[in-house]
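Here is the structure we will look at, set down as structure tokens.
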Amino acid sequence: MIKTIRQFIFLLAALSLVPLFLSGCHKSQSAGQLNLLAWSEYIPQEVIDGFTQETGIKVSYATYSSNEEMLSKLLAGGTQYDLIQPSEYTVEALVRDHKLEQIAKDQLPNLANMDPAFLHLAYDPDQQYSIPYMAGTVGICVNTDKIKTPIHDYSDVFTPAHNQRIVVVNDSREIATWAMEDLGLDINHVNADTLQKITPVLTQWIPLIKVFDSDSPKTSLLNGDVDLGVVYSGDAAYCYEQDHKFQYVLPAKGAHRFVDNLCIPLGATHKHEAELFMNYIMRPEVSKIISDKFPYTNPNAAARKLLTPEQLENPASYPKDTGHLEIFHDLGAESGEIDKLVTDLRAKFHA
């Protein structure tokens, strides 16, 4: 099984019959079409409908629940995707291996609406290949009606007292990172020694988890199936909107700050349509619709001016005390070792 981002990329480069990565071999077969591959529960249907109504461009929207699943779908071929939504470390890998189209900035005047704090980051320093879509963190959502003990860190979540009352995102790297943060290890440097150190921690933690869910971890919290979650901030923010009993905690020892982006794969058939969509979603009024539906941290400074005070005061969307946050970098082959470790432990305890 192919497990690392770089392995995906190298195999994609080798398979010359995969149309996604053939540059210049295909002409646009149908003007006014956009094939979008993006995270599930992340792009409001009204945004897609508004874009189609205004431009006449039909959007085909396929989804995934992890960066690795996205790469797997690209590898499978069949449908050619014109626009993808990778997170920061996946952009880094794709840029390094020359698998993204350079965006035509003269087609993106609305890029001026973006908060400079989310531009020219390490994974795309010249802002040639990506635009930020939404950002956020991975932290702890606590149902304070049920949990009365203080929750400050991952080790406060993964205790026998919370056995089978926990939901987590279904992402091996995220799960391994929590153990690394707990032990004070560099989350972007993984080797055999790292894996040896985090194994006993994960061996204690993983059996306590009831639900693994990246698509909608908020559902288990809102339904009362669990009392705590290590989840995306947008899910925690939605829970807070429904009931302030759901509090969001950024772990004191460190947490992951992610930036999800829009990028155009090399050889995309409908590059112009992709750039039109990029520019469309950077309009303040359109970006506000995204925040209304999915309350992550909006990197669009102009759109944030349209949000309500309640939205801006949501502690998960816009935390005041950000503590120690880090973005992910591509781990190369080591990401496969992390995936194997977590997958094996899950199979052992959640057969």
Side-chain angles (χ1 to χ4, degrees), residues 87 134-185 187 198 201-202 204-260 291 294-298 309-328:
S87 301
M134 279 288 182
T137 55
V138 178
I140 304 167
C141 186
V142 184
N143 181 340
T144 58
D145 279 357
K146 298 291 186 180
I147 304 298
K148 301 301 183 181
T149 56
I151 303 294
H152 301 293
D153 240 313
Y154 305 105
S155 56
D156 298 324
V157 174
F158 298 103
T159 69
H162 304 145
N163 184 30
Q164 302 307 302
R165 304 303 300 167
I166 305 168
V167 59
V168 302
V169 294
N170 188 14
D171 186 300
S172 294
R173 182 168 182 184
E174 288 287 357
I175 294 168
T177 294
W178 308 334
M180 294 167 68
E181 295 277 20
D182 190 65
L183 296 172
L185 302 174
I187 65 172
I198 67 174
V201 176
L202 295 178
Q204 293 180 25
W205 288 3
I206 287 178
L208 304 174
I209 299 169
K210 182 176 183 178
V211 181
F212 297 83
D213 183 0
S214 288
D215 290 330
S216 185
K218 62 182 177 290
T219 300
S220 296
L221 287 157
L222 291 169
N223 288 346
D225 297 330
V226 297
D227 304 324
L228 301 109
V230 188
V231 301
Y232 303 123
S233 56
D235 287 281
Y238 183 85
C239 289
Y240 181 81
E241 287 178 346
Q242 304 308 303
D243 193 322
H244 285 14
K245 71 181 181 182
F246 293 104
Q247 294 294 313
Y248 189 62
V249 177
L250 282 173
K253 292 184 178 180
H256 173 209
R257 163 171 278 167
F258 59 83
V259 182
D260 293 326
S291 278
F294 305 115
Y296 288 87
T297 304
N298 195 327
E310 290 77 17
Q311 287 176 300
L312 294 172
E313 291 166 8
N314 189 312
S317 301
Y318 301 96
K320 291 181 173 58
D321 182 10
T322 55
H324 178 57
L325 299 177
E326 295 183 84
I327 66 168
F328 282 172

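When a residue number appears, it is its place in the shown sequence, counting from 1. A quick note: this is a predicted structure, and the numbers were derived from the prediction, not measured.
Side-chain contact between F328 and R173: present, with at least one pair of heavy atoms (C-beta onward) separated by less than 4.5 Å. Considering only heavy atoms from C-beta on, L222 comes within 4.5 Å of F246 through its side chain. At least one side-chain heavy atom of D235 sits under 4.5 Å from a side-chain heavy atom of Y296. A heavy-atom distance below 4.5 Å is not found between the side chains of V211 and D225. At least one side-chain heavy atom of V138 sits under 4.5 Å from a side-chain heavy atom of W178.
Taking every heavy atom of both residues into account, G139 and P251 meet most closely at CA-CD, 4.1 Å. Closest heavy-atom contact between V157 and I166: O-CD1, 3.5 Å. Contact record, S87 with D260: OG-OD1, 2.5 Å, taken as the closest heavy-atom pair. Residues L221 and L228 come closest through the heavy atom pair CD2-C, 3.8 Å. The heavy-atom pair separating F158 from L208 by the smallest distance is C-CD1, 3.5 Å. Across all non-hydrogen atoms, the minimal contact from L202 to I175 is CD2-O, 3.7 Å.
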Start with the C-alpha distance between V230 and W205, add both sets of side-chain angles, then the distance that settles side chain to side chain contact (heavy atoms under 4.5 Å, CB included), and finish with yes or no.
CA-CA 12 Å; V230 188; W205 288 3; over 6 Å; no
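Remark: R257 CZ to E326 CD distance equals 11.5 Å, nearest 0.5 Å. A distance of 8.5 Å separates OG in S214 from CD in E174, rounded to the nearest 0.5 Å. A distance of 6.5 Å separates CG of D243 from CG of D145, quoted to the nearest 0.5 Å. The distance from the CZ atom of F258 to the OG1 atom of T137 is 6.5 Å, given to the nearest 0.5 Å. Distance check, rounded to the nearest 0.5 Å: OG1 of T149 to CD1 of I151 gives 4.5 Å. Atoms CD and CG, from E181 and L183 in turn, are 10.0 Å apart once rounded to the nearest 0.5 Å.
Panel note: side chain T144, backbone K245; a donor-acceptor pair is recorded below 3.5 Å. Formation of a donor-acceptor pair under 3.5 Å by the N298 side chain with backbone atoms of S291 is not found in this model. For Y232 (side chain) and G136 (main-chain N/O), no donor-acceptor pair under 3.5 Å exists by modelled atom type. Between the side chain of T297 and the backbone N or O of S317, at least one donor-acceptor pair lies under 3.5 Å. For the pair K218 (side chain) and C239 (backbone), a donor-acceptor distance under 3.5 Å is absent. No donor-acceptor pair closer than 3.5 Å links the side chain of Y240 to the backbone N or O of C141.
Each side chain to side chain donor-acceptor pair (under 3.5 Å) pair with one or both residues in residues 151-171, not counting sequence neighbours, appears once here: T159-H162, R165-D227, N170-R346.
D321 CG: 12 or fewer foreign heavy atoms inside a 6.0 Å radius.
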